[in-house]
Asker: 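Quick one: the structure is below, and I'll ask about it shortly.
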Amino acid sequence: MSEGAPTRRKRSTHWWARFLHVYTSMIALLLTLFFGLTGITLNHPSWTFGSDDVRTTAVGTLDFPVASDDGAVDYLAISEYARSTYDVKGEISSYETVNGEVTIAYRNPGYSADVFVDVDTAAYEVVVDQANWVAVLNDLHKGRNSGSAWKWVIDVTAGFLVVVSITGLVMQFYLRKRRRSALGLAIAGGLVSIALMLVPLA
């Protein structure tokens, strides 16, 4: 006796749910582990594991004009000098000239560098703050100053977690012996989660 359409559809759904659940969880295993661990360290910013933040400051005078004859500041030349001389890294988050002082800010996860230059005298100061490695990982978890590529990693990882959660739930619907208890635990866990989210808002 051949299987009916509902039975075949049920088997197909269960197979696809199990397939997606297993392989998406394997693909996202390390990333999920990373975001899980950094979720803990993010909740405890005082944990440094012996690694401290480091601040370095350098001063000097540029050997080229800060601005052209028409007053336009050469931000590119200043930035290239800072990168080549002091190994300044990160994306430029802002640059401006206020009251005769040029400021260029660079940001990376756990890293910041600020270059200050006097337009008239060409005297400069470079201030670099390198956070401890835990703070770097925490910034990566938040996607802070991490660039568009890493933000895609966060989005993809979140998508994998959604797939793993939904397929796991679908699989439980096809396990008769554990269906009721699994759904009961899911509902109870959901209610507890909602309650815990409401506590800080009270």
Asker: With a distance cut-off below 6.0 Å to the six-membered ring centre and an angular limit of 45° from the axis, does Lys89 pair with Tyr111 as a cation-pi contact?
Answerer: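 Ring-cation test returns yes.
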Asker: Among side-chain atoms of Ser79 and Tyr106, is any donor-acceptor pair under 3.5 angstrom?
Answerer: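 There is such a pair (donor and acceptor under 3.5 Å, judged by atom type) between the side chains of Ser79 and Tyr106.
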Asker: Are any non-hydrogen side-chain atoms of Asp53 and Gln130 less than 4.5 angstrom apart?
Answerer: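 The answer is no; the side chains never approach within 4.5 Å.
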Asker: Do you know which two heavy atoms are closest between Leu42 and Asn138, and how far apart they sit?
Answerer: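 Nearest heavy atoms, Leu42 then Asn138: N-OD1, 3.4 Å.
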Asker: Parallel, tilted or perpendicular: which fits the ring planes of Trp47 and His44, with parallel below 30° and perpendicular above 60°?
Answerer: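 If you compare the ring of Trp47 with that of His44, the planes turn out parallel.
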Asker: For Ser146 versus Lys151, what's the shortest heavy-atom pair and its separation?
Answerer: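 Smallest interatomic distance, heavy atoms only, reads OG-CG, 4.4 Å.
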Asker: Before you tell me yes or no, could you show the steps for Thr97 and Tyr75 under side chain to side chain donor-acceptor pair (under 3.5 Å), namely the whole-Å CA-CA distance, both residues' side-chain angles and the distance that decides it to 0.1 Å?
Answerer: CA-CA 10 Å; Thr97 301; Tyr75 293 103; 2.7 Å; yes
Asker: Quick one: which of Leu169, Val162, Val163 gives a side chain to side chain contact (heavy atoms under 4.5 Å, CB included) with Ile166?
Answerer: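 Result for side chain to side chain contact (heavy atoms under 4.5 Å, CB included) with Ile166: Val162.
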Asker: Looking at Phe35, I want to see if its CZ is surrounded by more than 12 non-hydrogen atoms of other residues, nucleotides or ligands under 6.0 Å.
Answerer: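 More than 12 heavy atoms, drawn from other residues, nucleotides or ligands, come within 6.0 Å of this atom.
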Asker: Answer whether the closest heavy-atom distance between the side chains of Val127 and Arg55 falls below 4.5 Å.
Answerer: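 Side chain of Val127 against side chain of Arg55, heavy atoms only: contact under 4.5 Å found.
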Asker: Please find the pair of heavy atoms, one from Thr38 and one from His141, that lie closest to each other, and give the distance.
Answerer: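 Minimum heavy-atom separation between Thr38 and His141: OG1-ND1, 2.7 Å.
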Asker: How far apart are the closest heavy atoms of Asn108 and Glu91, and which atoms are they?
Answerer: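 So the minimum-distance heavy-atom pair works out to OD1-N, 4.0 Å.
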Asker: Tell me whether the count of non-hydrogen atoms from other residues, nucleotides or ligands lying under 6.0 Å of CG in Asp70 goes above 12.
Answerer: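 More than 12 within 6.0 Å, yes.
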Asker: Using the rule that Ile, Leu, Val, Met, Phe, Trp and Tyr join whenever any side-chain heavy atoms are under 4.5 Å apart, tell me whether Ile104 and Leu62 fall into a single cluster.
Answerer: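 Yes.
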Asker: Using side-chain heavy atoms (C-beta onward) and a distance below 4.5 Å, is Ile27 in contact with Phe160?
Answerer: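 When only atoms from C-beta onward are counted, Phe160 and Ile27 do touch, with a gap below 4.5 Å.
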Asker: Flag yes if more than 12 heavy atoms outside Phe19 fall under 6.0 Å of its CZ atom; otherwise flag no.
Answerer: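 Check passes, neighbour count above 12.
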Asker: Considering only heavy atoms from C-beta outward, does the side chain of Thr32 approach that of Leu161 to under 4.5 Å?
Answerer: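 With C-beta onward as the side chain, the pair touches.
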Asker: So which atom in Val119 and which in Ala67 form the shortest heavy-atom distance, rounded to 0.1 Å?
Answerer: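 Taking every non-hydrogen atom into account, CG1-CB, 4.4 Å.
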Asker: Does this structure show an ion pair linking Arg107 with Asp114, if we count only N-O contacts that are shorter than 4.0 Å?
Answerer: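 Asp114 and Arg107: salt-bridged.
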